[in-house]
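Please read these numbers as outputs of a predicted model, since none were measured by experiment. Chain naming here is simple, since letters A, B, ... match the order of the sequence lines and numbering starts at 1 in each.
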Amino acid sequence: MTTPQLDKTYDPKAVESRWYRVWIEQGYFRASIDHPGEPYCIVIPPPNVTGSLHVGHALNHSLQDILIRWRRMQGRNTLWLPGTDHAGIATQNVVEKQLITEGLSRDALGRERFVERVWQWKATSGNTIVNQQKQLGESCDWDRLRFTMDEGLSKAVLEVFVRLHDEGLIYRGERLINWCPRCLTALSDIEVEHEDVKGKLYTIEYPLENDPGTKLTIATTRPETMLGDTAVAVHPEDDRFKHLIGKRVSLPLTNRTIPIVGDAILVDREFGTGAVKITPAHDFNDYEAGERHQLPRLPIFDHQALLDPAGMAKAGVEPNIATPLEHLPVQKARLKIEQALKDRGLLMKVEDHKMAVGKCYRCKTVVEPYLSPQWFVRIQPLADPAIKAVEEGRIRIIPEGWVNNYLGWMRDIKDWCISRQIWWGHQIPAWYCLTCNDRQILSVGNRTTVLQGAKPIVSKSDPAQCPICGGRQFLRDPDVLDTWFSSALWPFSTLGWPDRTPELKTYYPTSTLVTGLDILFFWVARMIMMGLKFMGDVPFRDVYIHALVRDAEGQKMSKSKGNVIDPLHVMEQFGTDALRFTLASMASPGRDIKLAEERIEGYRNFANKIWNAARFALMYLNGPRAALPPAQRAFPDRWILSRLNHTIRAVTSELESYRFDRAATVLYQFIWHEYCDWYLELIKPVLQDSAHPDGPSARQSLAETLETTMRLLHPFMPFITEEIWQTLPHRGDSIVVQDYPVVDSAWSSPDTEQQFMLLEHTVGLVRTGRVLLNVAPGQRIPFYVGHDDQTRHRQLHQLQHHLAHLSRGTAEVKPSNDWPSGKLLRLVTEGLSVGIGVTGDVDLGKALDRLAKQIAEADKEAQRLDTKLNNAEFVAKAPPEVIAEHQERVRTLSRDRALLASSQEQLRAMLGT
RNA sequence: GGGCGGAUAGCUCAGUUGGGAGAGCGCUGCCCUUACAAGGCAGAGGUCACAGGUUCGAUCCCUGUUCCGCCUACCA
């Protein structure tokens, strides 16, 4: 038999694309409802269709692939369902920017042609991220790739919208909503990011209508909104002001007077002046206060957040004030208002003030509360079951710490604004009869607005006839749905819902959702609500929430900071397996990942180490192999089988609890520091002697353990493990579809492990001695070993030839008091003694320093233990086994110390000091 | 303002029934020893943030403080 030869260093590029192609060709990732195993399904958090893979995706996807590959190998009926979402606002923004560079605009193009352009863009760039995912080795069932705007998923959206509307859970109404004046659309509450900024607090005087000499002083951070004030509020129990309630003030800069109202909710007596202006059209609190006091709402900004002439006219703003303000943005208007108030002596003071402003999560523009008719989901009835599902443990959130976060948000949830004033997305299935809604449909330029009070016909298909007037002319609601509305249906819409498909029956509820914290509310919470509502069951059993990836300094990665780590570049440079292993090993719960390239390089080295272990194995695997029962194998084989068994148990249980970091650490330690450092070294003498009687069993153990280790590692490092596995003796076509290793009690051998620890300590001591005495690495030396404990001493005899081999010398096992008295460096630890001959002209400085240090440490430790043992309370109250252990340690220490001291004296004697 | 998490070796982080403090990277010294210099061997380095409390005994449990993150919120 000829053995395949491997190159000296591992070259990821040479193997990755090759194996991925094979895996796809063989259909290993394809799921089938006929598979006999218990289903295990993950739906991918769909990335933006026009995006590209960033390191956050790489983490998220690596973890999912580890789970899926692991479960597939365990024989489960696995489905990892991939897909992308249409990312309404973001994608529309991208295409609009393209149009600008062509001198076009979406308005110039018109809705239909614009949407066509977006589809074109999706067609050209939509595969980018999918190809990058393949590069990462993701074992998705690509035949089932879904997109939120697919026909099937769109059907699901229609179905859900219409059913929720019919049940009264979707309604249209005019409310104050978050409005992005740049994207020109409504946003939901959670699409607004709050950011602390340094602002100013303006104190302004409003004169009383019937007593202009008396003034009510208010404080505001947004003086420009005063033009739309419709009341001033004071606390009803505030003795300073309560007599003013019911009176009116003249609103400066306008011809209006507005009432003073008492409002205990809005007003905090301690803050500012104790009096607050109320602008219901431009502030959420004021909007609610306005409801309480039946105040009019006077918007003074237009949809671009510019001062609106018509609005100002309606608000009675003095013409000489209004004219210069027309079409000014908020910031500029503020300066003019400030000046006007100053001119009239009404501006008392301006102070620095810390405040939070809301920004659009897509474009970072400051959002404005804006009064407009929108569609909402009445969320409370959906939230209640979603709260219960988590409370009752039907859904587990991991790590648990996020449960309260989830519950807190769900219990305080607000109605969800789902309409967006953009064109890319699922258009709302609502139509307005042109006859019946004549007065509610308003066209200004190319903007069509359907006013509050219009009567929509909600239906899965175009209505033929108005049920009220019989009219046949309709306007379809121009708005589209929030992208997250379709994402919320993802776990069942991707499986064929609303049709009752066998896939749905097999894979729903899905098993695990892997996601970042940033979309817990955007996505996870909404999937839970929709899943419970429409499937009558939770969408997934486990939600695993992983950390955010930051740069080495802990900064959030962003293109503008230039600190992004590009996963594609990393894969190119260090290999995909290295990247995947790095991310897995750093995925500790509840902590952000600070990623530095050196870490990835370290795991590239790990891959190379594995590669070379395989090269070593292949070099010696020629020749007959014999599979003896584990107990009859040689010491190194018994030991590595026992350790491998332990590693299988640990990796499996860590994966079961989503501790990817610990699973990775366990694998790393085993492969590098047990398998390579010790096992391969231990078996070299047997392998290198082709006539050795233990050869057949050693070769069998070597092949068997390496092959098993590759299977154990495969979910983490799919490419290198496949490449190596193929060169080893194996059964089957691909590691992808082999069984995951399971614990085998016949492999477990605690006695052998004990013995190995003795070997490890002894070899360590000899090697230390060699360094202390400056013995050349290649030089073979004679040395003595002995142990105070009889059993250990006997074991040293059994280990003799291993000791000699690993210590590069000849070992004589003999009680230490039988050793020659002079010219010997003795090193001692825990009853174990090693003696190395000292030749005349060696520098003993290092050795003496070491002995002195050991003695000092022994003294210190002995003193610490003595103190404890002399404490009557310790002796009286500590468990007997703890006391016994302490006493034993004191005895060992004192023996060790005595031996070290005598060695010290002997060396000193040699030096003649 | 509220909530949550973190503070352990130079750096990044493990450490689950409280009883001798760990890994990776980096650093120092010696080695191109026929799997691997992307390597081997040996080694240095830590009042486990601070102050109290519980306990015979605390990195671990409790309280408070400081600093740093994140989430959330209507303080004009």
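The residue Leu266(A) sits close to a base: some heavy atom pair falls under 4.0 Å. Heavy atoms of Phe284(A) sit nowhere under 4.0 angstrom from any nucleic acid atom. Lys594(A) comes within 4.0 angstrom of sugar-phosphate atoms only, judged by non-hydrogen atoms across all strands, and of no base. Contacts of Arg659(A) with the nucleic acid, taken as non-hydrogen atoms under 4.0 Å apart, involve only primed sugar atoms and P, OP1 or OP2. Residue Lys684(A) is in base contact, counting any heavy-atom pair closer than 4.0 Å across all strands shown. Counting any heavy atom pair closer than 4.0 Å across all strands shown, Glu597(A) reaches no nucleic acid atom. The residue Glu288(A) sits apart from the nucleic acid: no heavy atom pair falls under 4.0 Å. Counting any heavy atom pair closer than 4.0 Å across all strands shown, Arg770(A) reaches no nucleic acid atom. Within 4.0 Å (heavy atoms only), Gly274(A) reaches at least one base atom of the nucleic acid. Within 4.0 Å (heavy atoms only), Ala876(A) reaches no atom of the nucleic acid at all.
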Could you list the donor-acceptor pairs under 3.5 angstrom formed by side chains in residues 570-580 of chain A, with sequence neighbours left out?
unit_1: Thr576(A); atom_1: OG1; unit_2: Glu16(A); atom_2: OE1; d: 2.7
unit_1: Thr576(A); atom_1: OG1; unit_2: Glu16(A); atom_2: OE2; d: 3.4
unit_1: Thr576(A); atom_1: OG1; unit_2: Gln135(A); atom_2: O; d: 3.3
unit_1: Asp577(A); atom_1: OD1; unit_2: Phe719(A); atom_2: N; d: 3.2
unit_1: Asp577(A); atom_1: OD2; unit_2: Phe719(A); atom_2: N; d: 3.4
unit_1: Asp577(A); atom_1: OD2; unit_2: Ile720(A); atom_2: N; d: 2.8
unit_1: Arg580(A); atom_1: NE; unit_2: Phe716(A); atom_2: O; d: 3.2
unit_1: Arg580(A); atom_1: NH1; unit_2: Asp65(A); atom_2: OD2; d: 2.7
unit_1: Arg580(A); atom_1: NH1; unit_2: Leu136(A); atom_2: O; d: 3.0
unit_1: Arg580(A); atom_1: NH2; unit_2: Asp65(A); atom_2: OD2; d: 2.9
unit_1: Arg580(A); atom_1: NH2; unit_2: Pro715(A); atom_2: O; d: 2.8

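Spacing between rC67(B) and rA35(B) at atom C1', rounded to whole Å, works out to 49 Å. rG10(B) and rA51(B) are spaced 27 Å apart, taking the C1' atom of each and rounding to whole Å. One P atom belongs to rA9(B), the other to rG22(B), and the distance between them is 14 Å to the nearest Å. Comparing the P positions of rC60(B) and rG19(B) gives an interatomic distance of 11 Å, to the nearest angstrom. Taking atom C1' in both rG18(B) and rG53(B), the straight-line distance is 15 Å, to the nearest Å. As rounded to the nearest Å, rU66(B) and rG57(B) have C1' atoms that lie 28 Å from one another. Rounded to whole Å, the P atom of rG43(B) lies 12 Å from the corresponding atom of rA23(B). Taking the P atoms as reference points, rU17(B) lies 42 Å from rC30(B), given to the whole Å.
In this pair, Phe606(A) and Trp672(A) present their aromatic rings parallel. The plane angle is below 30°, not in the 30 to 60° band. Between Tyr668(A) and Tyr603(A), the ring planes lie perpendicular to each other; the angle is over 60°, past the 30° to 60° tilted range.
Look at rG43(B): its Watson-Crick or wobble partner, with both distances under 3.5 angstrom, is rC27(B). Under the Watson-Crick and G-U wobble criteria, each requiring two contacts below 3.5 Å, nucleotide rG52(B) is paired to rC62(B). Across the strands present, rC4(B) finds its partner in rG69(B); the criterion is a Watson-Crick or G-U wobble pair with both atom distances under 3.5 angstrom. Partner assigned to rA9(B) is none, using Watson-Crick or G-U wobble distances below 3.5 angstrom.
Here the closest non-hydrogen pair linking Gly516(A) and Ile545(A) is C-CG2, 4.2 Å.
Remark: side-chain polar atoms of Asn612(A) are not paired, donor with acceptor, to backbone N or O of Arg615(A) under 3.5 angstrom. Distance alone, capped at 3.5 Å, places no donor-acceptor pair between the Ser807(A) side chain and the Gly809(A) backbone. Between the side chain of Asp896(A) and the main chain of Glu830(A), a donor-acceptor pair closer than 3.5 Å is present. At least one donor-acceptor pair under 3.5 Å links the side chain of Asp843(A) to the backbone N or O of Gly845(A).
In this structure, His235(A) atom NE2 and rC75(B) atom C1' are separated by 13 Å, rounded to whole Å. Rounded to whole Å, atom C1' of rC4(B) lies 18 Å from atom OH of Tyr406(A). Regarding Ile883(A), its CD1 atom lies at a distance of 15 Å from the P atom of rG19(B), rounded to whole Å. Remark: P of rG40(B) and CZ of Phe606(A) are 12 Å apart, rounded to the nearest angstrom. To the nearest angstrom, P of rC75(B) lies 10 Å from CZ of Phe271(A). Remark: P of rC41(B) and CZ of Arg808(A) are 12 Å apart, rounded to the nearest angstrom. A straight line from OH of Tyr620(A) to C1' of rC36(B) spans 13 Å, rounded to a whole angstrom. rC4(B) atom P lies 14 Å from atom CD of Glu400(A), rounded to whole Å.
Aromatic ring centres of His886(A) and Phe874(A) lie closer together than 6.0 Å. Note: His353(A) and Phe271(A) meet the aromatic proximity criterion, with ring centroids under 6.0 Å apart.
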Protein and nucleotides 25-28 of chain B: nitrogen or oxygen contacts under 3.5 angstrom:
none

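Inter-residue side-chain proximity for Ile204(A) and Pro223(A) is flagged as met; some heavy-atom pair is nearer than 4.5 Å. Under the 4.5 Å side-chain criterion, counting only non-hydrogen atoms from C-beta, Leu687(A) is in contact with Ile683(A).
In terms of the ring-ring contact (aromatic ring centres under 6.0 Å, His included) criterion, Trp402(A) has no residue partners (sequence neighbours excluded).
At a cut-off of 3.5 angstrom, counting only N and O atoms as typed in the model, there is no donor on one side facing an acceptor on the other between the side-chain of Lys8(A) and the base of rC36(B).
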Could you go through Tyr406(A) and Phe521(A), starting from their C-alpha distance and side-chain angles, then the distance that decides it, and tell me whether this counts as ring pair (Phe, Tyr, Trp, His ring centres under 6.0 Å)? CA-CA 8 Å; Tyr406(A) 168 88; Phe521(A) 305 139; 7.6 Å; no

Using salt bridge (charged side-chain N to carboxylate O under 4.0 Å, His left out), reason through Arg889(A) and Glu885(A) one step at a time and then give a plain yes or no. CA-CA 6 Å; Arg889(A) 263 154 51 196; Glu885(A) 195 200 333; 3.3 Å; yes

Tyr679(A) and Phe670(A): CA distance, side-chain angles, deciding distance, ring pair (Phe, Tyr, Trp, His ring centres under 6.0 Å) verdict: CA-CA 10 Å; Tyr679(A) 173 63; Phe670(A) 171 75; 8.9 Å; no

Footprint string (nucleotides 67-73 of chain B, 5' to 3'): B base within contact, S backbone only, - free, heavy atoms under 4.0 Å: ---SSS-

For nucleotides 56-63 of chain B, just jot down a letter per nucleotide in 5' to 3' order: B, S or -, based on protein non-hydrogen atoms under 4.0 Å. B-------

Output one letter per nucleotide in nucleotides 42-47 of chain B: B when a protein non-hydrogen atom lies under 4.0 Å from the base, S when only the sugar-phosphate is that close, - when neither is. SSS---

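Remark: Tyr10(A) is not in phosphate contact with rA38(B), judged by side-chain N or O atoms under 4.0 Å from OP1 or OP2.
Under 3.5 Å, the side chains of Ser653(A) and Glu656(A) contain no donor-acceptor pair of N or O atoms.
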